[in-house]
Amino acid sequence: MADTPLTPRGAATKERIIEAATAEFAAYGIAGARVDRIVTNARTNKAQLYGYFGSKEGLFDAIFFGSLERILNVVPIDAADLADWAVRLYDEYLRRPDLIRLATWARLERRPAGHLVDEADRLDDGKLRAITDAQARGLVRQGDPFDLMAVVIAMSMAWSPVSNVYAATADEPPEIHERRRSLLRDSVHRA
């Protein structure tokens, strides 16, 4: 049914399911999420959910991979300025803390080691090519492009919702965020 064009009403229902499920999975993870709560919050029924996504796991996958694509599209890499990219990632985590929580649940419940997704599902080829190109032009230090990308992403997550030190929120005073952005920008630039 996923390949069948949706009516406007069907598209609205599917979108409500995605919104409700995103909140549910971000809060409770895959194992803790409850389809009953999702369909209640989406104002639909299980038959609709299963018709669109096949299973609870299929729904999580749709949301999770959608969140990875969102980050890729909303915060495209600029390998010539990895510090700015890190700051833009920081800002996206403030705007959409649910996205980083989804990735964390996937790490905890599905892939405790290695890459977060299967090789076929990885979306980092473009980022790695951009870093390799920036290295060739002398704009980024030498080293394994994947490791450089991983360090920058980790630094951008220093105050994310999954930080084991401090989780920032968008509600904090702007001057605190500016201070963090400045520190992050400088730290990534130096690294």
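Just so it is clear, the structure is predicted and the values come from calculations on it, not from any experiment.
Atom CG of L148 and atom CD1 of I153 lie 11.0 Å apart (nearest 0.5 Å). Distance check, rounded to the nearest 0.5 Å: CZ of F65 to CG of L102 gives 11.5 Å. Of the inter-residue distances, the one linking L139 atom CG with I131 atom CD1 reads 12.0 Å to the nearest 0.5 angstrom. Annotation: the span from D36 atom CG to N41 atom CG amounts to 11.0 Å, rounded to 0.5 Å. Taken to the nearest 0.5 Å, the CG atom of D61 stands 7.5 Å off from the OG atom of S55. We find the CD1-CD1 distance between I38 and I18 to be 11.5 Å, quoted to the nearest 0.5 Å.
One hydrophobic cluster, built from ILVMFWY side chains closer than 4.5 Å, holds both L94 and L183. Using a 4.5 Å cut-off between side-chain heavy atoms of Ile, Leu, Val, Met, Phe, Trp and Tyr, with links allowed through other members, L108 and V162 fall into different hydrophobic clusters. Tracing side-chain contacts under 4.5 Å through hydrophobic residues (I, L, V, M, F, W, Y), one never reaches I176 starting from L184; they form parts of separate clusters. One hydrophobic cluster, built from ILVMFWY side chains closer than 4.5 Å, holds both L89 and F146.
The minimum heavy-atom distance between G29 and E109, with the atom names listed, is CA-OE2, 3.2 Å. Listed here is the closest heavy atom pair of S163 and A158: OG-O, 2.9 Å. In terms of heavy-atom proximity, A130 sits nearest to A79 at O-CB, 3.2 Å. When all heavy atoms of T22 and I63 are compared, the pair lying nearest together is OG1-CG2, 3.3 Å. Across all their heavy atoms, R141 and Q135 have their closest contact at O-NE2, 3.0 Å. The shortest non-hydrogen separation linking P97 to P161 is CB-CG, 3.3 Å.
A salt bridge links D133 to R137: at least one charged side-chain nitrogen sits closer than 4.0 Å to a carboxylate oxygen. A salt bridge links R88 with D84: the closest approach of a Lys/Arg side-chain nitrogen to an acidic carboxylate oxygen falls below 4.0 angstrom. A salt bridge links E92 to R95: one of the charged nitrogens lies within less than 4.0 Å of a carboxylate oxygen. Salt bridge annotation for R96-D98: present, with a cationic side-chain nitrogen under 4.0 angstrom from a carboxylate oxygen. Under a 4.0 Å N-O distance rule, the pair R179/E172 does not qualify as a salt bridge.
For the ring-ring contact (aromatic ring centres under 6.0 Å, His included) condition, the pairs that include at least one residue of residues 81-106, sequence neighbours left out, are Y90-W159, Y90-H177. Identified under the ring-ring contact (aromatic ring centres under 6.0 Å, His included) test for residues 10-40, with sequence neighbours left out: F25-F60.
Although no hydrogens or angles enter the test, the distance criterion places no donor-acceptor pair under 3.5 Å between the side chain of Y52 and the main chain of L59. Checked by atom type and distance alone, the side chain of E24 pairs as donor or acceptor with a backbone atom of R34 at under 3.5 Å. No donor-acceptor distance shorter than 3.5 angstrom exists from the side chain of D186 to the backbone of S182, with no hydrogens or angles considered.
Residues L49 and V39 meet the side-chain proximity criterion, which asks for heavy atoms closer than 4.5 Å.
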Stepwise side chain to side chain contact (heavy atoms under 4.5 Å, CB included) check, Y50 with V35: CA-CA 10 Å; Y50 292 128; V35 170; 3.7 Å; yes

Before giving the answer on side chain to side chain contact (heavy atoms under 4.5 Å, CB included), spell out for M149 and L82 the whole-Å C-alpha distance, their side-chain angles and the decisive distance to 0.1 Å. CA-CA 9 Å; M149 179 185 71; L82 291 175; over 6 Å; no

Test side chain to side chain contact (heavy atoms under 4.5 Å, CB included) applied to M157 and V152, step by step: CA-CA 9 Å; M157 293 174 52; V152 173; over 6 Å; no

Go through it in stages, so that I can follow the logic: the residues are R181 and D91, the test is side chain to side chain contact (heavy atoms under 4.5 Å, CB included), and I'd like the CA-CA distance, side-chain angles, deciding distance and then a yes or no. CA-CA 9 Å; R181 288 180 189 109; D91 288 337; 2.7 Å; yes

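Scored by the side-chain hydrogen bond (donor to acceptor under 3.5 Å, both in side chains) test, R122 finds H115, E119, D124 as partners (sequence neighbours excluded).
R190 CZ: 12 or fewer foreign heavy atoms inside a 6.0 Å radius.
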